[in-house]
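Everything on this sheet refers to the single structure shown next.
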There are 2 protein chains.
Amino acid sequence: MTEIDKVTAAPESPEAFSRRIAELSESLPKRLRQCAEHIALNLDRIAVSTVAELAEGAGVPPSALMRFCQIMGFSGFSEMQRLFRDAYSGARPDYATRLANLRDGGGGAPGALLAEFVDAGRASLERLAQQVNENTLETAVSMLSGARMIHLAGFRRAYPVAAYLAYAFDRMGVAAQLHSGVGHMDQARTFLPDDALLAITFAPYSGETVDLVKGALGRGVPVVALTDGPASPVALPGACILPVEEVDFGAFRSLSATLALAMSLSVAVGARRGAV
Amino acid sequence: MTEIDKVTAAPESPEAFSRRIAELSESLPKRLRQCAEHIALNLDRIAVSTVAELAEGAGVPPSALMRFCQIMGFSGFSEMQRLFRDAYSGARPDYATRLANLRDGGGGAPGALLAEFVDAGRASLERLAQQVNENTLETAVSMLSGARMIHLAGFRRAYPVAAYLAYAFDRMGVAAQLHSGVGHMDQARTFLPDDALLAITFAPYSGETVDLVKGALGRGVPVVALTDGPASPVALPGACILPVEEVDFGAFRSLSATLALAMSLSVAVGARRGAV
DNA sequence: CCGTGAATAGAATATTTATTCCATTTTTCG
DNA sequence: CGAAAAATGGAATAAATATTCTATTCACGG
């Protein structure tokens, strides 16, 4: 019987819902597990789908999906759906509307520009979350955590990111050096054993950054690069590449995703050093 | 009769939908206009609401809302709702799910950190879009557009933003000077007539920035400040304050919203100067 | 290989929700 | 002011949708 399950209260937030699925899915029989898997991968569709649609997606009859809802602690599908509908409306009251209004200001109006930049930033962040490879990220953190000194390279539009990293590392007591790019220094003296290089560069790539990366690799210094894809000139053998595809608006690139990735890196490194 | 209206095809995107409402709402009778207004302010709820709910929100009987749907060119409410449900599911395929999965990596995992930063960034951007005052923004752009030279002040965590602005203004051929903060310079020589100061500062506010703002105001130099609210020490009489509430994660502040606002400002100023 | 209990599928039903229709009210205009 | 047209509200109906029920299948232990 499922009586034991029904005693447990229904999840009250999408997060709790996810957790509950993770707990249960081990012990579920075939059809119910199919439901759990499909639902877990399509949480965002619950609010706008019918039982029949979700059931078809999961490859089960509607009645199986109903049983799933009840095992999750809800009285039925409608109750489960209400959770997601409420969460949806609550989370972004009328953000889309507001954005549309700002845009309507028209061509040159600052508000319209802002709407575009906000949208580009948000799109970049969402894309980053979907495309990031956790293993690569983990590798990058390991490489940087082991370094005695972290060199930071980023010029032109990448410079603000490098500058932010310098600030963050400084705050956490991690030794880091922000390279200025003016006056090519003697790389033999710059890169010491146990150093690492964190480079940030996007098309059009700056020559200084590429040179620094090559120099570091030539000396066996580990390199982590935030760049815009595997076609980048810094995507050389031995370098750990973290791709970030920013959404552009006009000639100007949102840095939201790059900064979010940079912040995660720096905090993860700081935490691993035990400095926070 | 509404026959003329029915000839016009239904909007095929939320944007077209908004435009259509704007066109129509002038010419609608009382109840239908109530529908139009309530719907326009709650576009995001259409996907997850019933006719009865929306009608109640608008203060009209369900039948009035049905008529509204038909005047908009749809066969009925269901067809209108489909537009928004499709747009919703299409826009963010399973971003929320992905984010939840990243978070599940657990405490120290870099992926979990990234999920938090992405979320903080997105929340900041959405809040900015909702809270920004278009008039203040317009004032800021006017003040900066009229300046011969724009001075940029931002230190510590605000420095990356100032650096980005310096880059953007440079690219657009707008004269701008990034202040370093080291070695207090003689402000009488720094600020010339027709200059303007753009300051970026957040709690804990850096003394240098506050000093620069006070100096500029004392010399009659217009000041625009990106800061975290009216309680900021740079919110002095005469300064144009652009409030940005960033969402923090831990000790680290997402800069997404600040950057988006900074970029809009710079591009708007560049455009007004005719430099782009 | 059979019996027992859980799991399942699909049909039957109940409920919710959308949609239409028409009598009544309000507005418009001669 | 009065007739015609438009708009409205609410009840009646139709459609979609959720939910339950039951016969059947499946898995497992004796």
Side-chain angles (χ1 to χ4, degrees), chain A residues 1-7 10 21 24-39 42 45-86 88-89, chain B residues 1-8 10 21 24-39 42 45-86 89:
Chain A
M1 267 298 269
T2 55
E3 197 139 1
I4 306 164
D5 300 310
K6 282 198 179 173
V7 176
I21 288 194
L24 284 183
S25 62
E26 296 301 315
S27 64
L28 292 176
K30 189 178 164 204
R31 288 283 114 112
L32 293 183
R33 185 176 305 190
Q34 280 176 258
C35 293
E37 282 174 10
H38 181 253
I39 293 275
N42 295 280
R45 289 217 173 109
I46 298 177
V48 297
S49 298
T50 66
V51 173
E53 285 164 1
L54 287 173
E56 189 189 344
V60 304
S63 54
L65 208 130
M66 285 306 298
R67 265 180 297 132
F68 173 77
C69 297
Q70 288 164 354
I71 282 182
M72 288 291 288
F74 300 97
S75 71
F77 176 75
S78 299
E79 197 176 305
M80 183 171 109
Q81 190 175 50
R82 180 153 30 243
L83 172 66
F84 287 88
R85 289 190 168 177
D86 291 352
Y88 166 68
S89 285
Chain B
M1 264 302 267
T2 56
E3 198 141 359
I4 306 163
D5 300 310
K6 282 200 178 172
V7 176
T8 2
I21 288 192
L24 284 182
S25 63
E26 295 301 317
S27 65
L28 291 177
K30 189 178 164 204
R31 288 282 111 113
L32 293 183
R33 185 176 306 187
Q34 280 177 256
C35 292
E37 282 174 9
H38 181 254
I39 293 274
N42 295 281
R45 288 218 175 111
I46 298 177
V48 297
S49 298
T50 66
V51 173
E53 285 164 0
L54 287 173
E56 189 189 344
V60 305
S63 54
L65 208 130
M66 286 306 300
R67 278 199 317 272
F68 173 78
C69 297
Q70 288 163 355
I71 283 181
M72 289 291 288
F74 301 98
S75 71
F77 176 75
S78 298
E79 197 176 304
M80 183 171 109
Q81 190 175 52
R82 182 159 22 238
L83 172 66
F84 287 88
R85 289 191 168 176
D86 292 351
S89 286

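Owing to the predicted nature of the structure, the values given are computational and were not obtained by experimental measurement. Here is how names work: the chains are called A, B, and so on, in the same order as the sequence lines, proteins then strands, and each is numbered from 1.
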Output side-chain donor-acceptor pairs under 3.5 Å for residues 27-35 of chain A, partner residues at least two apart or in another chain, one line each.
| from | atom 1 | to | atom 2 | distance (Å) |
| --- | --- | --- | --- | --- |
| A/Ser27 | OG | A/Leu24 | O | 3.0 |
| A/Arg31 | NE | A/Gln34 | OE1 | 2.8 |
| A/Arg31 | NH2 | A/Gln34 | OE1 | 3.3 |
| A/Arg33 | NE | A/Ser25 | O | 3.1 |
| A/Arg33 | NH2 | A/Ser25 | O | 3.4 |
| A/Arg33 | NH2 | A/Glu26 | O | 2.6 |
| A/Arg33 | NH2 | A/Leu28 | O | 3.3 |
| A/Gln34 | NE2 | A/Ala58 | O | 3.0 |

Atom [atom1] of [X] to atom [atom2] of [N]: distance rounded to whole Å?
{"X": "B/Met80", "N": "C/dT17", "atom1": "CE", "atom2": "P", "value": "16 Å"}
{"X": "A/Gln34", "N": "C/dA9", "atom1": "CD", "atom2": "C1'", "value": "13 Å"}
{"X": "A/Gln81", "N": "C/dT17", "atom1": "CD", "atom2": "C1'", "value": "12 Å"}
{"X": "B/Leu24", "N": "D/dA7", "atom1": "CG", "atom2": "P", "value": "13 Å"}
{"X": "A/Met66", "N": "C/dT13", "atom1": "CE", "atom2": "C1'", "value": "13 Å"}
{"X": "B/Phe74", "N": "C/dT19", "atom1": "CZ", "atom2": "P", "value": "12 Å"}
{"X": "B/Arg82", "N": "D/dA15", "atom1": "CZ", "atom2": "C1'", "value": "13 Å"}
{"X": "A/Phe68", "N": "D/dA18", "atom1": "CZ", "atom2": "C1'", "value": "17 Å"}

Looking at [X] and [Y], what are the two nearest heavy atoms and their distance?
{"X": "B/Met80", "Y": "B/Cys69", "result": "SD-SG, 3.7 Å"}
{"X": "B/Leu54", "Y": "B/Ile46", "result": "CD1-CA, 4.4 Å"}
{"X": "A/Ser49", "Y": "A/Gln81", "result": "O-NE2, 2.7 Å"}
{"X": "B/Gly73", "Y": "B/Ala10", "result": "O-CB, 3.3 Å"}

- [ ] Report yes if a side-chain nitrogen or oxygen of A/Ser78 is closer than 4.0 Å to either non-bridging phosphate oxygen (OP1 or OP2) of D/dT19; otherwise report no.
- [x]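 A/Ser78 to D/dT19 OP1/OP2: side-chain N or O found under 4.0 Å.
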Task: Short side-chain N/O contact to C/dT19 OP1/OP2 from B/Gln70, under 4.0 Å - done: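 It does not, given that no N or O in the side chain of B/Gln70 lies less than 4.0 Å from OP1 or OP2 of C/dT19.
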Task: By side-chain contact (heavy atoms from CB on, under 4.5 Å) - contacts of A/Glu56 (at least two apart) - done: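 Partners of A/Glu56 by the side-chain contact (heavy atoms from CB on, under 4.5 Å) criterion come out as none, since no residue qualifies.
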Task: Those residues that, when tested against B/Ser78, pass side-chain contact (heavy atoms from CB on, under 4.5 Å) (two or more places apart) - done: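 Scan of B/Ser78 (side-chain contact (heavy atoms from CB on, under 4.5 Å), adjacent residues dropped) gives none.
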Task: Strand-adjacent residues in residues 52-65 of chain B, judged by heavy atoms under 4.0 Å from DNA chain D - done: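 Under 4.0 Å from DNA chain D: B/Pro61, B/Ser63.
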Task: B/Arg67, nearest nucleotide to its side chain (from D/dA7, D/dA18, C/dT19) - done: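 In terms of side-chain proximity for B/Arg67, the closest of D/dA7, D/dA18, C/dT19 is D/dA7.
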Task: Sequence-distant partners of B/Ser75, side chain to side chain donor-acceptor pair (under 3.5 Å), two or more places apart - done: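 Partners of B/Ser75 under the side chain to side chain donor-acceptor pair (under 3.5 Å) test: B/Glu79.
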- [ ] May I ask you to list the residues of residues 26-33 of chain A, by number, that have any heavy atom positioned under 4.0 Å from an atom of DNA chain C?
- [x]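 Close to the strand are A/Pro29, A/Lys30, A/Arg31, A/Leu32.
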TODO: Walk me through it: do B/Arg67 and B/Val60 pass the test side chain to side chain contact (heavy atoms under 4.5 Å, CB included)?
DONE: CA-CA 11 Å; B/Arg67 278 199 317 272; B/Val60 305; over 6 Å; no
Task: Test item: B/Ile21 and B/Met72 side chains (from C-beta on) under 4.5 Å apart, heavy atoms - done: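 Heavy-atom side-chain distance check passes, below 4.5 Å.
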Open item on the list: Is the shortest side-chain heavy-atom distance between A/Asn42 and A/Glu53 below 4.5 Å?
Closed with: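 A/Asn42 does not reach A/Glu53 side chain to side chain.
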Open item on the list: At under 4.0 Å between heavy atoms, how does the protein contact nucleotides 24-30 of chain C? Give one character per nucleotide, 5' to 3', with B, S or -.
Closed with: -------
